[in-house]
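Report on the structure given below.
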Amino acid sequence: MKKKLLVATLTAVMAFGTISLSGCETATDNTGTLSESADEVFAKEMTETLAYDESLNDPDTLFRGAGSDSEHATADYIVSQFEAIGLQDVTKDEVIVDGWQTGESYMKVGDIDVQDLVPYQATGTHAPDGKAYPVSIRDLNQWGDGDTEKEIDADWSKMELVDVGTGTAAEYEDVDVEGKIVLVAVNQWTEYWIDSPYTEAFYHGAAAVISYQYDEDGAGYGMYDLIGNEENCDTINVQDICEKDLIPCGAISPKDAAAIKAKMKADNTNTLSDVNLKLTCEVKKDTKAYNVLGKIPGQGNTGQRILIGGHYDKYHGGVNDDCTAVALSTAIGKAIIDSGYQPRNDIYIVAHCSEEWGRSGAADDWAMGSWEEITEVHPDWQGSTLAFINFEMPAIKSGQKKGQIQTSYEFNTMIQKLLDSDALNGSYYEEGVEIVNDHNMGMSDCISYQENGVPTIINKPDFDEPKKGDVSTSKSWFMDRYHTKYDDMSTYSSQLMTYDIVLYGTIAEYIDSHPALELDLTSRCDALEAMIDGVEAHLPEDSADLVKEYKDSLAKMREAGAAQLKKAQDLNNQYDEAVADGGNTDTFTKLSEQGVKLNKVTLKGFAQMEDELMGIIGSDTNMAYHVTASATMDGYASVIKDLEAGKVTTDGEDCTLARIAGLGGFSEFTAMGFSKYSYDSLQASINCDEVTDTWGFEKAVKVRDTYDATANVMAQMEADNPDYSSSISIYQAAYDEMQADLVAALEKEIAGMQAVAKTYK
């Protein structure tokens, strides 16, 4: 069935914006519709400019890093676009982040001229001005405690390159890498993030890391044309390094790696000399970057706002990640202005910087531009912002039949009401659009805002590849193209861009056109109720009553939330009836004032839930604080049971080793293959031990150090008479410590539920 784009039009209820005349409010008919004003040509041109204009991108890479010259130039370009479409009070909000800027990079290995080399966020062998950097490496004589560094001043035109496989500790045994470049195969989807091979190389004294991605059972990042085709695949994927800036790090394609490895095989060696490396990247601590804002002023003098935005830093061309998002946000602003809609509340279009990376040494090193905006630049927005509508990869041409809108739990009912109404005249998708809460908060910049009390909405990207054409080997846009040069215009959909302008513009107007914010706690309460299942087994006897107290408090919060929702719905129904009856100015003004007052209470309760009840698991999934503790304790208990029985299973997703690997959000996987130094570095990053100014700080129970227990399991497995007693002791101690965290988390959540119930009463 051929897809047909059926654009949305606003119904009579939503077509009434508000105008303030001498402090009074009245309803006025909209002079146009979003569907008539959606300008996809404008959006496409802005997308292409952001992606490929030479003046707005780092040379060679097309990267646009946080605080880079190209990001600063792009901020000025976005200002010009915001002003051109009629946004008011356009500003560049300065934020302080860890910045990075790239430049010319190349590598030659004998007669092999590497076709493409791109940097990670780590200071390279050269600065953008051409200056060569000396590098600090770890002194191999300090193997025991690993606390000494020494500086080498390398001649990067005369280096050696050593193949260390996948870069685990075992692959460094009897291999001399000190002062040399190491070649490492990574699969950041199924195995290790770049962090562990990176820190392991530094620990063993390497001067630089060059990585390439490889296929693991048909899965991985950067899979475009890779599966079964390594010798011809030119795809390079780059992700963030969640570690300190240690040594230079870059990535090459599987094709170039295959050529290098073939030469090593022919020469019967794992080391090649005559390597000339220039890897230009500079990490700049505490540098300036800019979020760009433009406003459509609200006419109701409410002191409230709705935010619509995306981020403009990127890797490679970054067409859908995230140039289309910035273009879409701008095009929505243009459509609202061109349609004649006059909002009650301020509507801001926001282009965020530093989403891809903006902090060194933290696992939650991304979404820093938005974090700084809501916590440092505009903390006054907390408690008065009705919604943040964010976009990530919003215009991918795909074979997906059903579209998905990802929201904070509480938006489910309100947005579903819109989808069920006559306001939407069909869908771009054959099977329509549904609301999902997979992450329970939107990904990307949504995290910063939701944590600070702003309900969020985001498109869920279409990752299914088109059915026709040889564009995919994995059949997933996300695995094939994400963070690669193949995030290009070939998968840009004009039809989806047009639909999204209207769909999300309609959502913004729908929220704006009602005086009361309807947040429904039902879905969150259902989720919280499910999250307490099985927890009682891990509580000490003197805390067993916490589960009952949790459930009782949850029931009261649910009841209070339902009452608050009914107040909002009743107020909005009164407003709709007044519109239908041609109500007078005094009526609209009174209802609007009541809405503002009610919204303050609604948003206060939402913020309390985020502060007191909800943490983060898996880097971007909103879960109750206790879940990290209880899930980890489940893992400890099952592993201890296996070890006490003297059995360690190795096959299947639920085997002993898989459960050990899953401890601490799979950070324990590092203990199976890497040094204690790499393990400690990863834990420090995850636990925010050194970097605390992030959205992940104190949002999860701290991961425990059980390296020695896991290392002992791996060693004893090979013994004739394995002795797991020390491992059992260490895991049990970690379990006991985590039990205290579980109790503390439940007590915090119970107090939070009671506070929300009190707020809504």
Side-chain angles (χ1 to χ4, degrees), residues 302-307 345 370-371 374-375 378-390 405-417 435 437 439-442 445-458 507-508 510-512 514-529 531 553-554 556-569 571-572 595-616 621-625 695 699 748-761:
T302 65
Q304 301 174 148
R305 70 207 56 79
I306 295 167
L307 310 177
N345 307 286
S370 55
W371 177 254
I374 190 63
T375 61
H378 275 297
D380 55 299
W381 283 358
Q382 299 176 28
S384 56
T385 301
L386 302 178
F388 173 43
I389 303 174
N390 189 35
I405 301 172
Q406 193 165 278
T407 73
S408 303
Y409 287 116
E410 287 70 24
F411 261 138
N412 289 0
T413 298
M414 189 175 192
I415 304 306
Q416 190 63 53
K417 186 190 299 184
I435 299 170
N437 305 124
H439 292 268
N440 315 319
M441 61 168 34
D445 291 312
C446 286
I447 296 171
S448 300
Y449 286 94
Q450 182 163 318
E451 266 197 28
N452 288 282
V454 179
T456 62
I457 299 167
I458 188 172
I507 290 174
Y510 184 68
I511 295 169
D512 173 75
H514 292 81
L517 183 64
E518 298 179 12
L519 297 186
D520 186 351
L521 271 61
T522 302
S523 294
R524 187 189 294 251
C525 289
D526 289 346
L528 287 169
E529 190 168 6
M531 290 174 199
S553 300
L554 178 59
K556 292 176 182 177
M557 187 178 82
R558 185 192 293 269
E559 181 181 358
Q564 184 72 8
L565 174 63
K566 188 175 186 304
K567 292 176 188 177
Q569 291 173 332
L571 187 60
N572 286 339
V596 171
K597 185 177 180 180
L598 187 66
N599 291 343
K600 288 181 180 178
V601 177
T602 298
L603 289 170
K604 179 181 178 181
F606 181 87
Q608 287 172 320
M609 287 188 288
E610 288 299 318
D611 287 342
E612 304 300 325
L613 275 71
M614 310 304 288
I616 293 179
T621 298
N622 197 221
M623 299 288 276
Y625 283 105
W695 43 262
K699 294 301 282 186
K748 177 182 176 70
E749 291 162 21
I750 289 166
M753 292 175 192
Q754 293 170 350
V756 174
K758 183 177 179 181
T759 294
Y760 284 162
K761 283 187 176 181

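The basis for the numbers below is simple: all heavy atoms, side chains too, and nothing from hydrogens, waters or symmetry mates. Model, not experiment: these values are computed from the prediction.
- Here the CD1-CD distance, from I457 to Q450, works out to 11.0 Å after rounding to the nearest 0.5 Å.
- Rounded to the nearest 0.5 angstrom, S408 OG and L519 CG are separated by 8.5 Å.
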Steps toward side-chain contact (heavy atoms from CB on, under 4.5 Å) verdict (T385, H378): CA-CA 11 Å; T385 301; H378 275 297; over 6 Å; no
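- Sorted by first and then second residue, the pairs that involve residues 602-613 and meet salt bridge (Lys or Arg N to Asp or Glu O under 4.0 Å), not counting sequence neighbours, are R524-E610, E612-K748.
- Between E749 and L528 there is no side-chain heavy-atom pair separated by less than 4.5 Å.
- Looking at heavy atoms from C-beta onward, N452 lies out of side-chain contact with W381 at the 4.5 angstrom threshold.
- Rounding to the nearest 0.5 Å gives a distance of 3.5 Å between OG of S384 and CZ of R305.
- Two residues are said to be in side-chain contact when any heavy atoms from C-beta on lie closer than 4.5 Å; K567 and Y760 fail this criterion.
- Q382 places a side-chain N or O within donor-acceptor distance of the main-chain N or O of I374, the cut-off being under 3.5 Å.
- Remark: Q564 CD to T602 OG1 distance equals 4.0 Å, nearest 0.5 Å.
- Under the salt bridge (Lys or Arg N to Asp or Glu O under 4.0 Å) criterion, no residue pair touches residues 750-761, with sequence neighbours excluded.
- M609 places a side-chain heavy atom less than 4.5 Å from the side chain of L521.
- Applying the side chain to side chain contact (heavy atoms under 4.5 Å, CB included) rule to L603 yields the partners L386, P455, L517; only residues at least two apart in sequence or on another chain are considered.
- Residues that satisfy the side chain to side chain contact (heavy atoms under 4.5 Å, CB included) test with T522, not counting sequence neighbours, are D520, D526, R558.
- Residues meeting the salt bridge (charged side-chain N to carboxylate O under 4.0 Å, His left out) test with K417, sequence neighbours left out: E518.
- Partners of A527 under the side chain to side chain contact (heavy atoms under 4.5 Å, CB included) rule, at least two apart in sequence or in another chain, are Y409, M531.
- Expressed to the nearest 0.5 Å, how far CD1 of I415 lies from CD1 of I389 amounts to 7.5 Å.
- Scanning for ring pair (Phe, Tyr, Trp, His ring centres under 6.0 Å) contacts around F606 gives an empty result, with sequence neighbours left out.
- Annotation: side chain of S448 is not in contact with side chain of T375 (no heavy-atom distance under 4.5 Å).
- For W371, the side chain to side chain donor-acceptor pair (under 3.5 Å) partners at least two apart in sequence or on another chain are D693.
- In this structure, the side chains of I511 and F411 come closer than 4.5 Å at one or more pairs of heavy atoms.
- In this structure K566 satisfies the side chain to side chain donor-acceptor pair (under 3.5 Å) test together with D570, sequence neighbours excluded.
- Applying the side chain to side chain contact (heavy atoms under 4.5 Å, CB included) test to A755 and every residue at least two apart in sequence or in another chain returns Q608.
- For K699, the side chain to side chain donor-acceptor pair (under 3.5 Å) partners two or more places apart in sequence, or in a different chain, are Y625.
- With sequence neighbours excluded, the residues forming a side chain to side chain donor-acceptor pair (under 3.5 Å) with Q304 are N345, N599, listed by chain and number.
- Other residues, nucleotides and ligands contribute at most 12 non-hydrogen atoms within 6.0 Å of the NZ atom of K600.
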